[in-house]
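One structure is given below, encoded as structure tokens.
Proteins come first, then strands; the chains are lettered A, B, ... in the order of their sequence lines, and each starts at number 1. Atom set for the values below is all heavy atoms of this structure, side chains included, hydrogens, waters and symmetry mates excluded. Predicted, not measured: the structure shown is a model, and the values here were computed from it.
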Amino acid sequence: MKFLDEFRDPEAARRLADALHKTVTRPWRIMEVCGGQTHSIVKHGIDQLLPESITLVHGPGCPVCVTPVELIDRAIDIAQQPGVILCSFGDMMRVPGSDRDLLSVKAAGGDVRMVYSPMDAVQLAEEKSERQVVFFAVGFETTAPANAMAVHQAKLRGLTNFSMLVSQVLVPPAVESILQSEQHRINGFLLAGHVCTVMGFTEYEPIAERYRVPLVVTGFEPVDILHGLYLCVRQLESGRAEVENQYTRSVTRTGNRPAQELIQKVFHVVPRAWRGIGEIPASGLSLTPEYEAFDAERRFGVTPASVEQNGDCISGRILLGLDKPTDCPAFGARCTPEKPLGATMVSTEGACSAYYRYRHS
Amino acid sequence: MKFLDEFRDPEAARRLADALHKTVTRPWRIMEVCGGQTHSIVKHGIDQLLPESITLVHGPGCPVCVTPVELIDRAIDIAQQPGVILCSFGDMMRVPGSDRDLLSVKAAGGDVRMVYSPMDAVQLAEEKSERQVVFFAVGFETTAPANAMAVHQAKLRGLTNFSMLVSQVLVPPAVESILQSEQHRINGFLLAGHVCTVMGFTEYEPIAERYRVPLVVTGFEPVDILHGLYLCVRQLESGRAEVENQYTRSVTRTGNRPAQELIQKVFHVVPRAWRGIGEIPASGLSLTPEYEAFDAERRFGVTPASVEQNGDCISGRILLGLDKPTDCPAFGARCTPEKPLGATMVSTEGACSAYYRYRHS
Amino acid sequence: MCLAIPGKIESIEQGEALTRKGRIDFGGIVKEAWLSYVPEAKVGDYVIVHAGFAISRVDEREAHRALKYLDEMDRLDSPPPEPEEE
Amino acid sequence: MCLAIPGKIESIEQGEALTRKGRIDFGGIVKEAWLSYVPEAKVGDYVIVHAGFAISRVDEREAHRALKYLDEMDRLDSPPPEPEEE
Amino acid sequence: MPARRITVTVIHKERTVDKPPHRKLADGLQCPVPLNDIPQILLSHGGGGRLMHQLIDTLFAAAFGTQATQHDGAVLPVNEGELAFTTDSYVVHPLFFPGGDIGRLAVWGTVNDLAMCGAVPQSLSAGFILEEGLSMETLWQVVQSMQQAAEIAGVRIATGDTKVVERGKGDGMFINTAGVGRVIAPQPVSPRRVRPGDAILLNGDVGRHGMALVQVREGLRFESAIESDCAPLNGMVRELIEGGIDLHCLRDLTRGGLATALVEIAKTSSLSFALEETKIGVTDAVRGACELLGFDPLYVANEGRCVAFVPEKQAESALQIMRRHETGRNAACIGTVEMEARGRVTLHNAFGTTRLLDMLSGDQLPRIC
Amino acid sequence: MPARRITVTVIHKERTVDKPPHRKLADGLQCPVPLNDIPQILLSHGGGGRLMHQLIDTLFAAAFGTQATQHDGAVLPVNEGELAFTTDSYVVHPLFFPGGDIGRLAVWGTVNDLAMCGAVPQSLSAGFILEEGLSMETLWQVVQSMQQAAEIAGVRIATGDTKVVERGKGDGMFINTAGVGRVIAPQPVSPRRVRPGDAILLNGDVGRHGMALVQVREGLRFESAIESDCAPLNGMVRELIEGGIDLHCLRDLTRGGLATALVEIAKTSSLSFALEETKIGVTDAVRGACELLGFDPLYVANEGRCVAFVPEKQAESALQIMRRHETGRNAACIGTVEMEARGRVTLHNAFGTTRLLDMLSGDQLPRIC
Ligand code: SF4
Ligand code: SF4
Ligand SMILES: [Mg+2]
Ligand SMILES: [Mg+2]
Ligand SMILES: [Mg+2]
Ligand SMILES: [Mg+2]
Ligand SMILES: [Mg+2]
Ligand SMILES: [Mg+2]
Ligand SMILES: [Mg+2]
Ligand SMILES: [Mg+2]
Ligand SMILES: [Mg+2]
Ligand SMILES: [Mg+2]
């Protein structure tokens, strides 16, 4: 496939790995923010190609992982109500709430459906006018344009039976929050290419400056990641701390304007709790008053009790880059994809899951 | 089982058969009005015990058989409407309308349910308040108390989602209509014991007198039927023409008063079309104004086109006692219980069906 | 028409006359039936049940009279049984 | 996060800018996507698709520049590719 | 012990599920899948992944052994001769009913079909189609019941398969069993070997299985002590063969009952049968239930009854062998094969009259009016 | 030829049914049940009465012959030796899909399981669970397809069974097949015979069957030319055995795909396997679809693929035999068995790095975010 295969070329990967080996002189700890990149790294064994002095740590960039248990419970509650069809991306189906996941709600008779696009949920609402269709809108900035359009279209089409349970989170505040932590030992970041495709990367420029840390906008294929690492290490070795763009074929500095416009019309920025991390100011999106009629929390008024994170799970520390999955005593023993204790194990993009799937035996 | 086994006693049957043989001197043609008796006669081979000069002919006493195709089509129409649960006795499920039966509607996704009592349909309406429950109330006088109570209870319970498609017919006008036909050669009648259990038999007294024909209220077991025949033949041989009661253990002259009272409150007498026979004045029941809110024909306003009876089928003549099933050229060839041309073939109590089942090979 | 069979009242669920129900034993199986139309029926009585409703109480004396008559039927000159009262 | 892959626009269903849709070919399979956010994209262009929406048009020149750079990478002293315009 | 039904209240979809009665099973094993972890079947249990393997390696292996659950198929030693091979799917509702459950039916039903071929049943396959949401406990009860039934009948469940279908596309659980067995009857057991003069033997009263199910069916429910007659017939058949009885034809009476089975055989053999109605046993309760609903017990399903066609002169000794077995205690000769070659079944009754038996169109429907 | 779906409009219940594509079948028979009389399956077709017998005597007998449909079971001659016995149920949706239909799967799937035992498949049973309302035409198409598939694979459908479940308690049609076959492999074909040094052979590209189904699945639909790989493997296996290849182990790759099958065998044999990712074929379209949905093709289902473990020195001649067959045209050696006894499967990729393969929890779910 064009624009994929070229960036999986083993020869190019070898050259980049060689370059990294030749460039690096000191130990560096680099976080790839994005779960998709984590997955790619572990699946393709990219870390095996790196000099020993480069340590990759895995960031909070899996929106499924950081969705609070309370919100999953809320989705589960809604899915159990008579007449509701709860739609969700496949990723969310196996993520455990405090006592079950959406797949078991479905097994017990709830009408839970997997969709490929939020627009599929809108269409379903049009077709089933007698049912309430709720879309569980999990995502980072990348998914916001699709979710914004779904709400916008629902409004244009006058649908009264469509609503959205919004769990939209924003990356820059999370990166900043990691950098504010005293324990962090991260020297550089690979930024998520698709988030920046939508948002551009101007928001990261003050961060690079304030925290003196290089941030490289990076794609998702092995060659992209190695290339991003190379650019990052070059900055580190030369003492620079800039935002650099590896993923130029998709990302521009200012991002996708039409998408940003609709996002701003439909959503506004709010503080948000991140599973395992806690509340981060201005790190989430919520529907603006113009669209609040489509807010599932308004329509279903479920107020779940606050739920404690499982005591043994260190997924919060993993999401902050403080620990690796293999540091967790539960990993692979009491915590497996079949019976996950934390969301980093159950989401396919979670770091624990990636380690379990590709490394554990 | 008490009050059943005694009336199936072969020894008693033999005595009655002997008595009949000794009593009869001339040919007599006797109609058992009731399909249940037809069934019993053919199943137990009672006709095989009779003197050759007694001919049994089978009457219109199967309410399923005489329900007009139009009404079955109406039930089928209603069953196909969204949100409707159509309830019916098992008997009605295989009776063909003009192009299908209720079982195929069910197979195609209609919610058609078999009930044992009309009260089961009322209960269902209470449980499924979001659905319209329609009971297809087919029956003679015997079933009228149950149907009347169902409507009455629905009203008492304030149900707005229960209605009844009424196909209640009355026996005395049908008997009189047969006697009015010029072709009939019937010398005596066995009257249906359970109809008389409800209504008594005073209505038949003027008929006996007017048409000079013996009418014997008869039960359903082999001994009952032989006994009824014996009483009938005795009248015929002695030139009497009275209403006589064989089924004294269940029938009194005036019938069941409380049942009659509720029937009169809920239903009033109307003219009615009989399948194969045509309209008979004052031969059906319809809901009184007090209960008309429960009339399914009001609620669903379906106006089916009039449908012709299948040209080959002589079930009308059979119902009038003019022919026997074996007189029909289609019997057992083009007309079978799997692919019935007329209702006397499909209802288990229909004369054609009884002959097919117990005699055909 | 009108399948109706005799069963014995096992127990009665007391209530208003019109909504009185009972458990009826039919040769070993038990099913509930409405007794609305047989206000005179009591536990131990036989009733004839159709479509969930008792439509009559079995007149046991009449039944026995009929059976006795059949028993003695070999004497062909005997008269048929008449209901004792009209 | 945010699985998004490049595909080639096979055809475009004309309509208002916001509701424009196209059929996208991903290595032999074709799926519909909304083109609302890539008003500049035309048939033959590659777009990156996520959750049923194209979120960018692939800048083919940039892609080739990057690949060319990688090709020549054995000369380690060569500078990394910079976007041609900001 | 009557089956109980409970209503699931958690979820809005109307539905009743079958709860297994608390029957004591021989080995009293605990369900090996921890119930509070995964108390119900998920689609993932059929997805070919770890959950499916866990289900197979724990629950199924605990009941049937690991041999039955690990490979693409079983490999069985066979001797030169004839092999009987049969299959049936079981779709009974409710899953647990008075006198049995779907697991017993699935094992004994196929065991009986093999026995009807004059074979000694040896190995069975078990194919499960589970509906998403089925309780794990229910599955475990059924699987245990199957293993117990297999032990009673002396067969092995040798290979199996599990599929899971979405909720609303199944009915709790369907089971298919296929079976193989060694034919030991020295002559073919087949309708084609029925001969005029043969005695028609029946091993007990009829109609119990069908009425045991009707009594718990929505809308028709009644109370009774009727229990299904379900039972394995292979022991009895084996002794008949080993006792030197020349079994011309055997047929177990399942759907359609005694009448349908005999009509089938009459048509295939082109011979006519004369039956004595008074020789055909029907319990009072089954008869009562049939009277109430307008059913004919001769057409009601059985799961532990068969007819055997034997030479007239062996009828008595065959009956003696049958009566030694629990399932044949009330065995009787119910009729004979006539000279007439019209494929008719005539029932002679106590009144000295006759009627013909034929197949019904489909299921019997309750008659009311 | 893409499968088509139509929506039934007559009735209010939402539902789509599978309409068979107008495929030309070999014999071009007309459906023997007159379609305007009874165009759909009724509960009565499973009731044991005349309708059921008509269905069997016409539709099933027309396809499978009367021998398969008349008795309690089939009787087959067997020679002294070993018999393979297996079963699978097929619950695929839609019933007709690009490259196949449920009937082919049901026949070839069980044929393949027998082949994987080192056996020559001989006779199959066919158990149908039909949903009330299924179109008679659809049933006829499937039954014909099964007979055609059986002819292609050289097996006989020897015995069968039909049940009908109420609408809403099935999914159009489920089919169970069980099969028996004569084991011809001189040595056991089993994970226990896998040895260090064995070559791991794969007969073609992976992921086609699973993606052929995904593309027609509600909500994930896309257009492609992907066709299921479903095919009978018994011919190829037989030639391998007759060609003197010592098949240590065979496994067809169904649910869970290549990865799951190899992990299973590694765990059972307690040996480790090293695979070369670049040797494992995946078509562009399958890869495109997997990229779009975030699937790993190694875990996607196949219906005409198997792995064979053979002694290293026979690898080349085995590949030559495989490549002579249509289904083995792209056969390749994808890896070897290692000395290490840890039951691990390692995938070596083009980057010179490795990852482990393990089972997934359940089905793959499409990834979006
Ligand atoms: S392995 Fe499980 S318990 Fe440990 S951090 Fe990961 S998700 Fe939490
Ligand atoms: S046999 Fe059929 S066609 Fe003839 S009268 Fe009876 S119902 Fe009508
Ligand atoms: Mg297999
Ligand atoms: Mg069978
Ligand atoms: Mg069977
Ligand atoms: Mg299997
Ligand atoms: Mg169901
Ligand atoms: Mg059988
Ligand atoms: Mg198998
Ligand atoms: Mg298989
Ligand atoms: Mg069968
Ligand atoms: Mg369905």
Side-chain angles (χ1 to χ4, degrees), chain A residues 1 4-5 8-11 13-14 17 35-36 39 42-49 62-64 87-94 103 113-118 120-121 124 127-128 137-140 142-143 146 222-223 226 336-340 346-349 353 356-361, chain F residues 7 12 14 16 214-215 217-222 259-260 263 266-267 270 272-273 277-278 282-299 340-369:
Chain A
M1 290 171 74
L4 274 188
D5 294 342
R8 292 179 185 173
D9 175 35
E11 185 52 27
R14 187 199 52 74
H39 207 80
V42 185
K43 177 174 178 184
H44 295 108
I46 293 167
D47 49 345
Q48 299 166 33
L49 298 173
C62 162
V64 167
C87 296
S88 157
F89 292 137
D91 317 49
M92 218 47 228
M93 303 291 282
R94 285 206 184 96
L103 279 188
R113 305 195 190 181
M114 221 158 51
V115 292
Y116 169 73
S117 166
D120 298 339
L124 193 64
E127 288 164 9
K128 311 239 178 260
V138 173
F140 279 106
T142 316
T143 316
V223 168
L226 285 164
T336 64
E338 281 74 51
K339 209 191 150 186
V346 76
S347 158
T348 327
E349 301 217 339
S353 167
Y356 188 89
R357 180 157 169 193
Y358 298 122
R359 297 288 159 86
H360 179 71
S361 150
Chain F
T7 305
H12 55 276
E14 51 173 283
T16 53
V214 166
Q215 74 185 310
R217 212 161 95 188
E218 200 78 48
L220 300 178
R221 227 162 279 181
F222 52 82
T260 305
V263 171
K267 289 203 190 305
S270 297
S272 292
F273 310 151
E277 187 167 29
T278 54
V282 181
T283 64
D284 283 349
V286 167
R287 199 150 67 82
C290 284
E291 294 291 348
L292 188 72
L293 300 173
F295 281 11
D296 185 339
L298 301 187
Y299 290 89
E340 192 201 56
R342 292 181 58 187
R344 299 207 303 188
V345 181
T346 307
L347 189 71
H348 294 260
N349 62 29
F351 303 113
T353 63
T354 62
R355 63 169 161 127
L356 295 178
L357 296 184
D358 200 0
M359 286 183 200
L360 300 186
S361 183
D363 289 300
Q364 293 193 88
L365 301 177
R367 277 196 299 142
I368 280 100
C369 59

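Only the side chain of A/L4 comes within less than 4.5 Å of a heavy atom in chain F; its backbone stays farther off. Of the atoms belonging to F/L292, heavy atoms from both backbone and side chain fall under 4.5 Å from chain A. No part of F/E277 comes within reach of chain A, as not one of its non-hydrogen atoms sits under 4.5 angstrom from that chain.
Residue with the most contacts toward chain F among A/M93, A/M114, A/R8: A/R8 (heavy-atom pairs, distance under 4.5 Å). The most heavy-atom pairs under 4.5 Å with chain A, out of F/L220, F/D284, F/T354, come from F/T354. Looking only at heavy-atom pairs under 4.5 Å with chain F, the residue among A/S117, A/A13, A/P222 that has the most is A/P222. Contact count versus chain F (heavy atoms, under 4.5 Å) is highest, among A/P337, A/A17, A/P10, for A/P10. Between chain F and the options A/V115, A/D5, A/L103, the largest number of non-hydrogen pairs under 4.5 Å is found for A/D5. Residue with the most contacts toward chain A among F/G294, F/G352, F/G362: F/G362 (heavy-atom pairs, distance under 4.5 Å).
With respect to the salt-bridge test (charged N to carboxylate O, under 4.0 angstrom), the residues F/D363 and F/R217 do not qualify.
Annotation for A/V223 and A/D9: closest pair CG2-O, 3.6 Å, computed over non-hydrogen atoms. In terms of heavy-atom proximity, A/Y116 sits nearest to A/F89 at O-CE2, 3.6 Å.
Side chain of F/N349 to main chain of A/H44: a donor-acceptor pair is present (N/O by atom type, distance under 3.5 Å, no hydrogens or angles). For the pair F/T353 (side chain) and A/I46 (backbone), a donor-acceptor distance under 3.5 Å is absent.
Atom CZ of F/R344 and atom CZ of F/F273 lie 13.0 Å apart (nearest 0.5 Å).
F/V263 pairs in a side-chain contact (heavy atoms from CB on, under 4.5 Å) with only one of the listed residues (F/V345, F/L360, F/L356), which is F/V345.
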